[in-house]
Amino acid sequence: DPATDWIISGGKHALDFDGTNDVVKIPDVDYPVATMSAFCWVWKSAASSNLIAFSHYETSTTQRTWSFGTANTTWTTGGTPDGNELGVIVSTDGTLSAGQHRAVWVNQSICDSAWHHVGFTWRAGTLKLWIDGKEGTVIVHNDSAMTTLNAGTSSLSIGAINSDSTPASLWNGYVDDARLYNRALDAQEVRLLARRRGIAYETRRHRSVKAAAAGGNRRRRFLLMGGQ
């Protein structure tokens, strides 16, 4: 959407989403359904239920794979979020049918007029949520024994879901440095990403990871949006 504005916050560029019609649409990217990671930086000033910062999620064609943003205040199992918290949904068959998806959240605010690094890692059924480089204690609204994600073919979206049809759950705030990886990052790698927005790989290990991308190594990363 050309109305999505670039702004400068904290000395770096970021995208400003108005919560009305702003969304960034990215063509489908192939990645393993058994292991992957998705992260971005978010800034939001107030609680809002079920607003999505980053997703591979299309409801019109039953192509739900994953999405994350603020937790849904209609979730009641295990507790009820107030819309300030990080929430994640993943699906194994593209639906929200019983036994085919997980909906989880972390009881920690990400809507406090400050930048937060948020996202999740997925490895063969293990779903971990991360905020500012630390693994969050997951509260489960819906669970299942799924071990792979839906092999979605829809577009990816920054700032919403459903960028192939009618965008919904539109983010109201800033998003920066959205990244999709074809493996589950470990705790050290997540901490490194959370050190600052737009960080490059700085250690020998991470330089080798970046260099391997050209050769199709399994440690390749897909940088979908960067802010400098």
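Just so it is clear, the values below take in all heavy atoms, side chains as well, and ignore hydrogens, waters and symmetry mates.
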Engineer: Going by side-chain hydrogen bond (donor to acceptor under 3.5 Å, both in side chains), name the residues that satisfy it together with S157, two or more places apart in sequence or in a different chain.
Structural biologist: S163
Engineer: Who are the side-chain hydrogen bond (donor to acceptor under 3.5 Å, both in side chains) partners of D28, not counting sequence neighbours?
Structural biologist: H56
Engineer: Does the pair D176/R197 count as a salt bridge with the N-to-O cut at 4.0 Å?
Structural biologist: yes
Engineer: Return each pair, listed once, that meets salt bridge (Lys or Arg N to Asp or Glu O under 4.0 Å) where at least one residue sits in residues 58-81; pairs must be two or more places apart or across chains.
Structural biologist: none
Engineer: Centroid-to-centroid, Y174 to W41, below 6.0 Å?
Structural biologist: no
Engineer: So do the side chains of I158 and I26 get within less than 4.5 Å of each other, counting heavy atoms only?
Structural biologist: yes
Engineer: Test of understanding: with side-chain contact (heavy atoms from CB on, under 4.5 Å), list the residues that count as partners of V106, not counting sequence neighbours.
Structural biologist: Q108, L129, I131
Engineer: What heavy-atom pair brings V29 and L156 nearest, and what distance separates the two atoms?
Structural biologist: N-CD1, 3.6 Å
Engineer: Among residues two or more places apart or on two chains, list those pairs meeting salt bridge (Lys or Arg N to Asp or Glu O under 4.0 Å) that have a residue in residues 143-156.
Structural biologist: R102-D143
Engineer: With sequence neighbours left out, what residues match D93 under salt bridge (charged side-chain N to carboxylate O under 4.0 Å, His left out)?
Structural biologist: none
Engineer: List the atom pairs, donor and acceptor, that lie under 3.5 Å between side-chain atoms in residues 77-84 and the rest of the protein, sequence neighbours left out.
Structural biologist:
| unit_1 | atom_1 | unit_2 | atom_2 | d |
| --- | --- | --- | --- | --- |
| D82 | OD1 | N84 | N | 3.0 |
| D82 | OD1 | N84 | ND2 | 3.3 |

Engineer: Quick check for you: to the nearest 0.5 Å, what is the distance between R196 atom CZ and W115 atom CH2?
Structural biologist: 15.5 Å
Engineer: Could you name each residue pair satisfying salt bridge (Lys or Arg N to Asp or Glu O under 4.0 Å) that touches residues 106-117, not counting sequence neighbours?
Structural biologist: none
Engineer: Between W171 and F17, does the ring centroid distance fall short of 6.0 Å?
Structural biologist: no
Engineer: Do we see a donor-acceptor contact under 3.5 Å between the side chains of H117 and D132?
Structural biologist: no
Engineer: Examine the side chains of S67 and S55 and answer whether a donor and an acceptor come within less than 3.5 Å of each other.
Structural biologist: no
Engineer: Do you know which two heavy atoms are closest between A160 and V23, and how far apart they sit?
Structural biologist: CB-CG2, 3.7 Å
Engineer: Taking only residues at least two apart or on different chains, which pairs with a member in residues 149-166 satisfy salt bridge (Lys or Arg N to Asp or Glu O under 4.0 Å)?
Structural biologist: K25-D164
Engineer: Applying side-chain hydrogen bond (donor to acceptor under 3.5 Å, both in side chains), name anything that partners W130, two or more places apart in sequence or on another chain.
Structural biologist: T121
Engineer: Please enumerate all residues that pass side-chain hydrogen bond (donor to acceptor under 3.5 Å, both in side chains) together with S37, with sequence neighbours excluded.
Structural biologist: none
Engineer: Any sub-3.5 Å donor-acceptor pair from D5's side-chain atoms to I7's backbone N or O?
Structural biologist: no
Engineer: Could you tell me whether E135 and R191 make a salt bridge, using a distance below 4.0 angstrom between a side-chain N and a carboxylate O?
Structural biologist: no
Engineer: Are any side-chain N or O atoms of Q100 and backbone N or O atoms of S97, one a donor and one an acceptor, separated by less than 3.5 Å?
Structural biologist: no
Engineer: My understanding is that a hydrophobic cluster links ILVMFWY residues whose side chain heavy atoms are under 4.5 Å apart, including indirect links. Using that, what else belongs to the cluster containing I139?
Structural biologist: I52, Y57, W75, I89, L96, W105, I161
Engineer: Please answer whether the main-chain N or O of S109 pairs with a side-chain N or O of E85 as donor and acceptor at a distance below 3.5 Å.
Structural biologist: no
Engineer: Indicate the atoms forming the closest heavy-atom contact of W122 with A184, along with that distance.
Structural biologist: O-CB, 3.5 Å
